[in-house]
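Here's the structure, in structure tokens; my notes come after.
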Amino acid sequence: MKSDLLPLGRRSFHHLGLILAVAAVLGASGCTENGTGPRDDRTTLSIQPVYPSSVDFRAFQNLVIDRVHFRLVRPPLEILIDTTVGFPADSNRIALRTAVKLLAQTERLDATLELFQGNDLLFHGTETLQVSEGINVFPVAAIPVEYVGPGKDITSLVITPRDTVLFLGDTFAFDVIASRNGIVVGPPVYLSWRSSNPTLAPVSLFGQVKAPTQRGAIELLVTTPSGARDSTRISFSPPGVLVHVLNGTGQTAQVGGPLPEPLLVQVLAADAIGVPGVRVQFFPPSGGTIDSPVAISDAGGVARTTGTLGTSVGDQVFRAEVPG
């Protein structure tokens with residue numbers, strides 16, 4: 001069986017529109033209607049992979065298909081086509097021209113697609129196709145493929161750091177911790193990063209987020225081709241310039257005893273709005289204690305803790321500080 005493979009067309013993202021056009025002689029032995037000779041009807045099969053919903057090639061760094069393996073089998077085991085072809089970088093289709101004889105006007109044949117990057121098999125799928133004789137027949141056969149490449153068995157991703165606050169105009173590169181059934185493994189080869197609001201704060205293919213010049217927040221999402229995913233919230237704020245006491249001053253308790261009310265402070269920016277995600281450090285008086293020496297300010301910029309007085313009678317001072 002002889003076949004020719006030709007690249008057809010141009011592409012910007014070839015993997016989204018990959019089409020394997022099989023132009024084949026699909027004729028059962030027999031005579032034409034007027035009985036003058038054997039029938040030689042031709043038809044064309046168009047094979048197109050259907051990728052998992054988690055795969056958007058535009059969002060994955062370096063996830064590119066450069067070789068395609070196509071196999072057409074007459075059940076149970078008769079191989080009609082079995083070939084691997086290069087997928088040129090400037091093409092969005094490849095054409096396979098070969099001759100296949102049908103044993104009936106309509107047959108059901110098993111088609112398999114395997115998509116490679118170098119020596120790595122990335123996607124695999126098999127579908128049973130109904131193939132018929134006839135001129136000007138151009139069926140489009142969708143073959144669902146699943147990701148079987150590096151990191152296919154990763155079951156969990158965790159973005160680090162989590163619930164982050166970036167100051168306006170800052171840039172920060174996030175990372176992930178990947179695990180397989182609870183066991184931490186090396187970082188995935190392919191990751192897709194996405195911002196819930198790319199107009200406000202875009203994210204690069206490498207997980208780098210650029211904070212805007214105005215307050216706001218996004219959800220940062222990361223996905224592998226196999227569907228493992230995670231998300232975390234990122235807030236954008238100007239830096240804090242003031243720590244304001246909200247609650248806890250003026251209360252009374254026994255020497256060495258716990259304070260009846262919590263200590264609350266608010267971290268404010270220059271616009272007098274609270275700053276979330278700031279590490280606030282609390283310091284007790286001599287002999288006293290702090291239940292949570294470091295607290296993170298909430299969405300309103302409020303940090304809280306509780307404390308115990310020292311052993312001296314009289315006024316005692318608790319202090320809250322923010323770096324800078």
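If you're wondering where the values come from, they're calculated on a predicted model, not measured in any experiment.
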Heavy-atom count around R162 CZ within 6.0 Å, excluding the residue itself: above 12?
yes
Only one of L166, D170, T213, V165 forms a side-chain contact (heavy atoms from CB on, under 4.5 Å) with F236, so which one is it?
L166
Exam field: side chain R229 to backbone L157, donor-acceptor pair closer than 3.5 Å:
no
In terms of heavy-atom contacts, P225 and Y190 come closest through CD-O, 3.6 Å
Taking everything shown except E78 itself, do over 12 heavy atoms lie less than 6.0 Å from its CD?
yes
On a heavy-atom basis, which atom in G307 and which in D291 lie closest, and how many Å separate them?
N-OD2, 4.4 Å
CD1 of I143 to CZ of F70: how many Å apart, nearest 0.5 Å?
6.5 Å
Taking S195 for its side chain and A201 for its backbone only, find out whether a donor-acceptor pair lies under 3.5 Å.
yes
Look at the side-chain heavy atoms of Ile, Leu, Val, Met, Phe, Trp and Tyr, link any pair under 4.5 Å apart, and say whether V148 and F60 land in one connected group.
no
Tell me, with the steps shown, if T126 and H124 meet side-chain contact (heavy atoms from CB on, under 4.5 Å).
CA-CA 7 Å; T126 298; H124 175 276; 3.8 Å; yes
Counting only N and O atoms by type, is there a donor-acceptor contact under 3.5 Å from the side chain of Q266 to the main-chain atoms of G300?
yes
Quick one: closest heavy-atom pair of D82 and H69, and the distance?
OD1-NE2, 2.5 Å
Which atoms form the tightest heavy-atom contact between V280 and A320, and what is the distance?
CG1-CB, 4.1 Å
Is it true that V85 and I47 fall in one hydrophobic cluster, defined by side-chain heavy atoms closer than 4.5 Å?
yes
Carboxylate-amine/guanidinium proximity below 4.0 Å for R194 and D56:
no
Are I234 and F172 side-chain neighbours, meaning at least one heavy-atom pair lies under 4.5 Å?
no
Counting distance only, does the side-chain N/O of S297 pair as donor-acceptor with the main-chain N or O of G277 below 3.5 Å?
yes
Quick check on side-chain contact (heavy atoms from CB on, under 4.5 Å): which of T223, L205, L220 does W193 satisfy it with?
L220
Reported OG1-to-CZ distance for the pair T84 and F116, which is rounded to 0.5 angstrom:
6.0 Å
Expected output: side-chain R74 to main-chain E107 donor-acceptor under 3.5 Å:
no
According to a hydrophobic-cluster definition based on side-chain heavy atoms being under 4.5 Å apart (Ile, Leu, Val, Met, Phe, Trp, Tyr only), do L63 and L113 belong together?
yes
How long is the straight-line distance from CG of L191 back to CG of N62, given to the nearest 0.5 Å?
11.5 Å
To the closest 0.5 Å, what do you measure between OG1 (T224) and CG (D230)?
11.5 Å
Note, R319 side chain near I290 side chain (heavy atom, < 4.5 Å):
no
Distance check, rounded to the nearest 0.5 Å: T199 atom OG1 versus I218 atom CD1?
11.0 Å
Aromatic ring pairing Y147/F123, orientation class (parallel under 30°, perpendicular over 60°, tilted between)
perpendicular
Closest contact, heavy atoms only, P262 versus Q251
O-NE2, 4.3 Å
Supply the atom-to-atom distance I79 CD1 to I81 CD1, rounded to the nearest 0.5 angstrom.
11.5 Å
Can any side-chain N or O of D271 pair as donor or acceptor with the backbone N or O of I273 at less than 3.5 Å?
yes
Evaluate the side-chain proximity of V241 to L268: yes if any heavy-atom separation is below 4.5 Å, no if none is.
no
Any non-hydrogen side-chain atom of T164 less than 4.5 Å from a side-chain atom of T232?
no
Of the non-hydrogen atoms in T155 and G182, which two are nearest, and what is the gap between them?
OG1-N, 4.5 Å
Just so I know, are the side chains of T306 and L259 near enough to count as touching, which here means a heavy-atom distance under 4.5 Å?
no
